[in-house]
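What follows is a short report on a single structure.
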There are 2 protein chains.
Amino acid sequence: MGASKTHIFSIAENELAQAAKVLAHPARIAILEYISKQENCICTDLVDVIGLAQPTISQHLNEIKKIGLLKGTFEGKNLCYCINREKWEALQQYFNAFFSNINQNCC
Amino acid sequence: MGASKTHIFSIAENELAQAAKVLAHPARIAILEYISKQENCICTDLVDVIGLAQPTISQHLNEIKKIGLLKGTFEGKNLCYCINREKWEALQQYFNAFFSNINQNCC
DNA sequence: TTTATATATCGCAATATTACGATTATATAT
DNA sequence: ATATATAATCGTAATATTGCGATATATAAA
C-alpha cells in the first residue's frame with residue numbers, strides 16, 4: 001500500500017501530525033516567517049521573496065490556509081491575508097503541550 | 001520535477017522543516033507520546049501499542065532516530081531506548097521561538 | 001551450537017508531495 | 001468594454017512517503 005492508516009490513531013494525534021505536516025517544508029516555514037513579520041498584510045511579492053514559481057507558492061499557501069493559519073481575502077488581484085493569530089497561538093500551545101509531556105529518567 | 005528545493009532556504013528553515021517532518025505522521029506522534037510517558041525504556045511492545053507491522057514501526061523509529069530524538073541501544077534483542085531529553089527540549093524551544101516571532105495587527 | 005525472540009533491512013506496490021508551464025479566473029484601471 | 005496585473009487551477013513529471021511480506025541479522029537462553 002502506501003496510504004497512512006490515520007484511522008488507527010486518535011483525533012489529537014492526527015491533528016498534531018497534520019499541523020506538523022504544514023510546517024514540514026522549508027518554503028512554508030519561510031512563507032510563514034515572512035508573513036508573520038510583516039506590519040501590513042500585502043504579500044504580493046512572495047514569489048520574489050521565496051524564489052519558487054507562482055503556482056508553487058499558491059500551492060504552499062493553500063496548504064497553510066487549509067489548517068486555518070491564514071485569514072483575509074484570497075481571491076483576485078491585490079489579495080490581502082495575514083496570520084490568523086488565534087490559530088497560530090493555539091498551535092503554539094498544542095506543540096508546547098506535546099513537548100511538555102515527558103517523564104523519563106533512564107538510559 | 002518534484003524534489004524540494006532545499007538549497008534556496010536557510011539552514012534554520014530546513015532544520016525546523018525537517019523536525020516538523022518527523023512529527024508529521026500520527027504514528028510517530030503516537031510512538032513519541034508512548035515512549036515519553038514510560039518510566040523505563042523498555043519498548044518492545046510498540047508494535048502492539050501502535051497497531052502497525054513491525055517493519056513499519058522500525059521505519060518510523062528510524063525517522064525519529066535520524067534527528068536525534070532517541071537515545072539508547074538500537075541493535076539486537078531487548079533493545080533499550082528512550083527520549084533524548086536534550087534534543088527534545090531543544091526542539092521544544094525551536095518550535096516555540098518560531099511561533100513567538102509574530103507581529104501583525106491587520107485584517 | 002542450536003533455538004527462540006526481537007529488530008533491521010530489502011523489495012515492491014500504492015499513494016502523496018513537489019514543482020512548474022499553460023491556462024483560467026478575478027479584479028482594477030483605462 | 002478592454003487591457004493589465006495578479007492569483008488560482010489544471011495537467012503532468014519527478015520524487016518521496018507509507019506499509020508490509022520476506023528475509024537477514026543480532027542477542028540471549030538452552
Side-chain angles (χ1 to χ4, degrees), chain A residues 1-9 13-14 17-31 34-35 40-67 70-82 107, chain B residues 1-9 13-14 17-31 34-35 40-67 70-82 107:
Chain A
M1 295 177 218
S4 295
K5 286 190 165 179
T6 55
H7 61 283
I8 69 172
F9 302 105
E13 285 163 346
N14 277 303
Q18 202 152 11
K21 212 171 196 171
V22 173
L23 304 183
H25 195 289
R28 294 194 286 268
I29 295 288
I31 289 172
Y34 180 77
I35 298 178
N40 302 315
C41 55
I42 303 140
C43 306
T44 58
D45 50 354
L46 263 180
V47 174
D48 299 321
V49 172
I50 305 296
L52 291 170
Q54 179 265 322
T56 308
I57 297 292
S58 194
Q59 242 177 96
H60 282 304
L61 277 173
N62 213 259
E63 298 293 314
I64 300 170
K65 280 180 221 160
K66 275 197 288 188
I67 60 162
L70 295 178
K71 64 175 179 179
T73 315
F74 295 114
E75 295 164 72
K77 190 186 167 186
N78 282 358
L79 91 180
C80 166
Y81 52 87
C82 57
C107 294
Chain B
M1 297 181 212
S4 295
K5 286 190 166 180
T6 55
H7 61 284
I8 69 173
F9 303 104
E13 287 162 347
N14 277 303
Q18 202 152 13
K21 211 170 198 174
V22 172
L23 304 183
H25 194 290
R28 292 193 288 266
I29 295 287
I31 289 171
Y34 181 77
I35 298 178
N40 302 314
C41 54
I42 303 142
C43 306
T44 57
D45 50 354
L46 264 180
V47 173
D48 299 323
V49 172
I50 305 297
L52 292 171
Q54 179 265 320
T56 308
I57 297 292
S58 193
Q59 245 178 99
H60 282 305
L61 277 172
N62 213 260
E63 298 293 313
I64 300 171
K65 280 180 220 162
K66 275 197 287 188
I67 60 162
L70 295 178
K71 65 174 179 178
T73 313
F74 295 113
E75 294 163 72
K77 192 184 167 188
N78 282 359
L79 92 180
C80 165
Y81 53 86
C82 56
C107 291

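Values below: all heavy atoms of this structure, side chains included; hydrogens, waters and symmetry mates excluded. Naming: A, B, ... by sequence-line order, numbering from 1 per chain.
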Taking all heavy atoms of [X] and all of [Y], pick out the closest pair and write down the distance.
{"X": "B/Pro26", "Y": "A/Ala17", "result": "N-CB, 3.4 Å"}
{"X": "B/Asn14", "Y": "B/Phe9", "result": "ND2-O, 3.4 Å"}
{"X": "A/Ala27", "Y": "A/Leu52", "result": "CB-CD1, 3.8 Å"}
{"X": "B/Ala24", "Y": "A/Ala24", "result": "CB-CB, 4.3 Å"}

Once you round it to whole Å, what is the distance between [atom2] of [N] and [atom1] of [X]?
{"X": "A/Tyr81", "N": "D/dT6", "atom1": "OH", "atom2": "P", "result": "13 Å"}
{"X": "B/Glu63", "N": "C/dT7", "atom1": "CD", "atom2": "C1'", "result": "16 Å"}
{"X": "B/Ile64", "N": "C/dA8", "atom1": "CD1", "atom2": "P", "result": "12 Å"}
{"X": "B/His25", "N": "D/dT17", "atom1": "NE2", "atom2": "C1'", "result": "8 Å"}
{"X": "B/Leu70", "N": "C/dA8", "atom1": "CG", "atom2": "P", "result": "11 Å"}
{"X": "B/Lys65", "N": "C/dT9", "atom1": "NZ", "atom2": "P", "result": "7 Å"}
{"X": "A/Asn62", "N": "C/dT18", "atom1": "CG", "atom2": "P", "result": "13 Å"}
{"X": "B/Ile31", "N": "D/dG19", "atom1": "CD1", "atom2": "C1'", "result": "13 Å"}

Got a sec, which residues hit side-chain hydrogen bond (donor to acceptor under 3.5 Å, both in side chains) with B/Gln59, two or more places apart in sequence or on another chain?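 Partners of B/Gln59 under the side-chain hydrogen bond (donor to acceptor under 3.5 Å, both in side chains) test: none.
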Tell me every residue that passes side-chain hydrogen bond (donor to acceptor under 3.5 Å, both in side chains) with A/Thr56, counting only those two or more places apart in sequence or in another chain. none
Pull out every residue in residues 51-60 of chain A that has a heavy atom closer than 4.0 Å to any atom of DNA chain C, ordered by number, or say none.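 By residue number: A/Leu52, A/Ala53, A/Pro55, A/Thr56, A/Gln59, A/His60.
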Report the secondary structure of DNA chain C in dot-bracket form, marking unpaired bases with a dot and bases paired to a different strand with |, and treating Watson-Crick or G-U pairs with both distances under 3.5 Å as paired. ||||||||||||||||||||||||||||||
To the nearest 0.5 Å, what is the distance between NE2 on B/His25 and CD1 on B/Ile31? 9.0 Å
Tell me, please, which residues at least two apart from A/Glu63 pass side chain to side chain contact (heavy atoms under 4.5 Å, CB included). A/Arg28, A/Lys66
So, using side chain to side chain contact (heavy atoms under 4.5 Å, CB included) as the criterion, who are the partners of A/Gln54 when residues are at least two apart?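 Counting only residues at least two positions away or on another chain, A/Gln54 forms a side chain to side chain contact (heavy atoms under 4.5 Å, CB included) with A/Val47, A/Ser58.
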For the side chain of A/Lys21, counting heavy atoms from C-beta on, which of D/dA8, D/dT18, C/dA16 is nearest? C/dA16
Among C/dC20, D/dT18, C/dT18, the nucleotide that comes nearest once only the side chain of B/Lys5 is considered: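 From the listed options, C/dC20 comes nearest.
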